[in-house]
Amino acid sequence: MAEAADFQGTSASPARRWLRRTTALIAGAPLLAGLVQLPAAGTAQAQNAAAALADSDSGPVAVAVDSLTPSAPTDGDTVTVSGTVTNRGEQTVTDAHVGLRVGPEIDTRSSVDAIAKDSDDLRSSIPPEIDNKYTEKFSKLTPGVAEHFNISVPVDDLNLGDDGVYQFAVSLSGETSAQPWQQILGIQRTFLPWQPDGADTKTKTTALWPLVSTTHMAAETGPNEEQTPVFLNDDLAKEISPGGRLNQMVTLGKDLDVTWVVDPDLLASVDAMTGSYRVRDGDKTVAGTHQTIAKQWLADLQDAVADEEVVALPFADPDLASLAHNGTDVAGSLSQLKEATDVVDNTVEPILHVKPNTDFAWPVDGAVDRSIVKVATSAGADKVIARSDSLQERNGLPYTPSAARPIGGGTTAVVADARLSTAFEGDLTSASATTLAVQRFLAQSLGLGQQTDKQRSVVIAPQRTPTGSQARAMAEALRTLQSGTWSQSQKLVAASEAKPDPDASTTVPGTSSYPSALRKKELPRAAFVESARTQDALDSFKVVLSDPSRVVTPFGRALNREMSVSWRGRPAEAESFRAGVKKYLDGLSGRVRLIDKSETKLSGRSATIPVTVQNNLVQDVGPLVLRLTSTNPTRLEIGGARYKEQPISVSGGHSQSVKFTTSANANGRATVIAQLYTTDGRPYGKPVTFDVKVTEITATVMLVIGGGVLLLVLAGFRMYTQRKRAAARAAEKTDETDETDESDESDESDESDATEPGEPEATENSDGAPEKPEDAEARPTQESEAPARAADPEQPSDPTPDTAAESADPSGTGERVDR
């Protein structure tokens, strides 16, 4: 074990090793005789401890480097290292000390990766410890207890050589009761970039600083004139509040020379929070209360980006890879990308007061293939931000080429360096993890610069939504880099326009090369199909509105959000959002509807049927076309045909009825369908179906009625002739009486119609028949007068009556007529 410890780099002298061996022999002699009496348990415990130590790569003591300043020292600096050592074993460590170790210069970037991967491995090569006066000693390390250390050393005593990257390690050496000799029990490797003088050729470095978040706003808005926005939750307020992720991004970024990459949706959402807004709380919404925070965040951002380069992504940061792989065959999907790009100018500049650049597309993690590039440039972008682990070098270049690569069709791929771009991923909540990430980043940057004396342009494209701890680590590294001696800052547009390296690869990989891990998180084709259906419903709805912008704008942006990169890895949340948008749109369009009708009865050959349209929106709708269709036109016709259409417009909050003329051809039941249509012939809303029961008057019924009327006319005519005959006979008898009574002759004898005194004068009614005297019923006429005039002989000319004696009066209303 002593030899092994020496091989690992311990600094024990030969005299000390001889002393330890002698002491071990003297102490072990009395035990040799009783060796066979050792309990089996003790032997097993020793074997287990040895096996555990043999299998351990990091040793029983954890070393954490929480701070290393300065991160990139120069001549005359003093390097200070602080951190903790924690005994993770079961035995107390004694005679312990923390020492510093410096290894040889690292000549390749891949070597940096290898050392970082095995940063605490005791089996890997361990550099020698520097002068032991730069140590911190501990008499013992109790299991489970962390001890703090702080060591400062002049950079001159580190004996660094030429410019370059050096391995820098902090180790804990000590003894245990099981192994009572000095050995390395824990180590933490990191890197020390050394470029004391300015480099002859500095690397031009572009750092992207992304302001991107998840989807926060719903499609729903208030019915008032201002259309009060509704938020899905209050998470955005947390992000922009002091200490929140986005608040830190603005605070840290304003002191850095970076290119701001913003999502217009984020800006629009925060801007909406500056006024009246509401937040969903279960099935209801409550008033938002973070207007002051939103205003302050926007003010800070406006100050930070003033006179800086701002690159705007399409609205809501659409997932270009998902669209390329799963959405291009869905009608309207590419149009959504175009709309998301077109709305940028009217969103970013009015809020930030800076004109953004919209020439760049940024696929997820810079992973590209030919289909992604095609989709990315379809909306107008001519530059695609890729990454070097996707668009890889295939020409065996010994250095990293400049970022700009012409890839054909007038498109430039801006290839970000993968090592620098991924340096701040993972959990960086601990100070030790942050320090290691910063030192590794600086080592990779300096290593890249020393590959060749050619000046190159390098781009750093980090993760889209870094956490607060990741953002702080990024900012710390960029501050050191921008104040260092081997790099100079450059904007993204300048990097994309730099002269490309003629030896750099320009071949875009095929679709099959896209990483499977990223493909598993893509939006499925069903998501684009669902969005297309919502778009169709929106297109049908907007054409009937008097003010379409109140609906088109919020729903258009909601459809953009359905394609957002932020849904990756969150399929349930994405589906819920899409369903919510469609449900709300259906609810709005359903407020313009046909009122249900019950069965309608139709008597006669023709009638009108009213159909009512109700508008529960706050704005007017129309023109619409209302069509009423008969499913059985042989029985019932609408306006003389199978169907009839009429235009209709309805004021907000009102109903309007339309009447349709119908004609019946046969009795029975006919089904009628009422349906609204847009002016371009697309059905609008659900149809209303109802039955019409026809009770038509047939020709036979008309004949029966006509016959009855004829009989009534004939009966009336007969009554009239009978009354005329009776009047004539009465007149003849009066003449005979006048001839025999000479004494009664007078000047009035020429009035042939004269009556006896006291007899009522005969008059005619309106139809010419004699009017009945008031005492007609008391004075019988015709043959009934015979008893009163028995001496009158019967006249041969008098006809025998063929009916019974009856009154000459006209029959009253409802009176029965005998015939």
Side-chain angles (χ1 to χ4, degrees), residues 109-110 113-114 116-117 208 210 212 214-215 313-314 316-330 333-334 336-337 360-378 381 384-395 400 403 405 407-408 411 413-427 444 459-467 470 505-531 562-578:
R109 300 184 71 192
S110 58
D113 293 337
K117 181 180 179 181
L208 306 186
V212 179
T214 57
T215 295
L313 302 173
D317 189 16
D319 192 336
L320 301 176
S322 296
L323 179 58
H325 297 156
N326 303 320
T328 53
D329 62 339
V330 179
S333 296
L334 289 176
Q336 289 291 339
L337 177 61
F360 293 87
W362 189 14
V364 174
D365 289 353
V368 296
D369 58 35
R370 285 187 285 272
S371 66
I372 295 175
V373 171
K374 183 177 180 180
V375 166
T377 57
S378 65
V384 180
I385 301 174
R387 209 165 70 183
S388 60
D389 54 352
S390 178
L391 207 160
Q392 299 179 6
E393 293 304 315
R394 306 184 185 278
N395 300 330
T400 301
R405 319 279 178 87
I407 56 176
T411 302
V414 182
V415 184
D417 185 77
R419 288 186 172 98
L420 297 176
S421 299
T422 60
F424 304 103
E425 296 180 354
D427 183 8
Q444 287 289 358
V459 173
I460 303 168
Q463 59 272 33
R464 270 174 158 75
T465 55
T467 64
Q470 291 170 344
S505 176
T506 58
T507 302
V508 179
T511 305
S512 60
S513 66
Y514 192 77
S516 59
L518 292 178
R519 190 179 292 273
K520 291 177 181 178
K521 296 181 179 181
E522 289 180 346
L523 295 173
R525 184 179 184 277
F528 294 97
V529 171
E530 192 171 353
S531 294
E562 290 184 3
M563 297 170 54
S564 175
V565 167
S566 65
W567 299 120
R568 278 191 170 237
R570 301 191 299 151
E573 292 89 338
E575 172 61 28
S576 177
F577 181 79
R578 292 193 299 270

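Both backbone and side-chain heavy atoms feed into the values below; hydrogens, waters and symmetry mates do not. Fair warning: this is a prediction, and the values are worked out from it, not measured in the lab.
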* Taking Arg405 for its side chain and Ala413 for its backbone only, find out whether a donor-acceptor pair lies under 3.5 Å. => no

* From Ser516 atom OG to Lys521 atom NZ, the distance as rounded to the nearest 0.5 Å -> 11.0 Å

* **Ser564 (side chain) donor-acceptor with Trp567 (main chain) under 3.5 angstrom** => no

* Asked: Got a sec, which pairs hit salt bridge (charged side-chain N to carboxylate O under 4.0 Å, His left out) with one end in residues 316-325, sequence neighbours left out?
  -> Asp317-Arg464, Asp319-Arg568

* For Glu522, all residues meeting side chain to side chain donor-acceptor pair (under 3.5 Å), sequence neighbours excluded -> His325, Asn326

* Any chance the side chains of Gln463 and Asp365 put a donor and an acceptor closer than 3.5 Å? -> no

* Pair Ser505-Glu393, side-chain donor/acceptor within less than 3.5 Å -> no

* How far does CZ of Phe424 sit from CD1 of Ile460, to the nearest 0.5 angstrom? -> 7.5 Å

* Under the side chain to side chain donor-acceptor pair (under 3.5 Å) rule, collect the residues that match up with Asp417, sequence neighbours excluded. => Arg109

* Intermediate values then yes/no, side-chain contact (heavy atoms from CB on, under 4.5 Å), Val375 and Leu337 -> CA-CA 9 Å; Val375 166; Leu337 177 61; 3.9 Å; yes

* Asked: Can any side-chain N or O of Thr465 pair as donor or acceptor with the backbone N or O of Val212 at less than 3.5 Å?
  -> no

* What's the verdict on side-chain contact (heavy atoms from CB on, under 4.5 Å) for Leu320 and Val565, showing C-alpha distance, side-chain angles and the deciding distance? -> CA-CA 8 Å; Leu320 301 176; Val565 167; over 6 Å; no

* Asked: Just how far is it from atom CD of Glu562 to atom CD of Glu575, taken to the nearest 0.5 Å?
  -> 9.5 Å

* Asked: Out of curiosity, Tyr514 OH to Ile372 CD1, how far, rounded to the nearest 0.5 Å?
  -> 5.0 Å

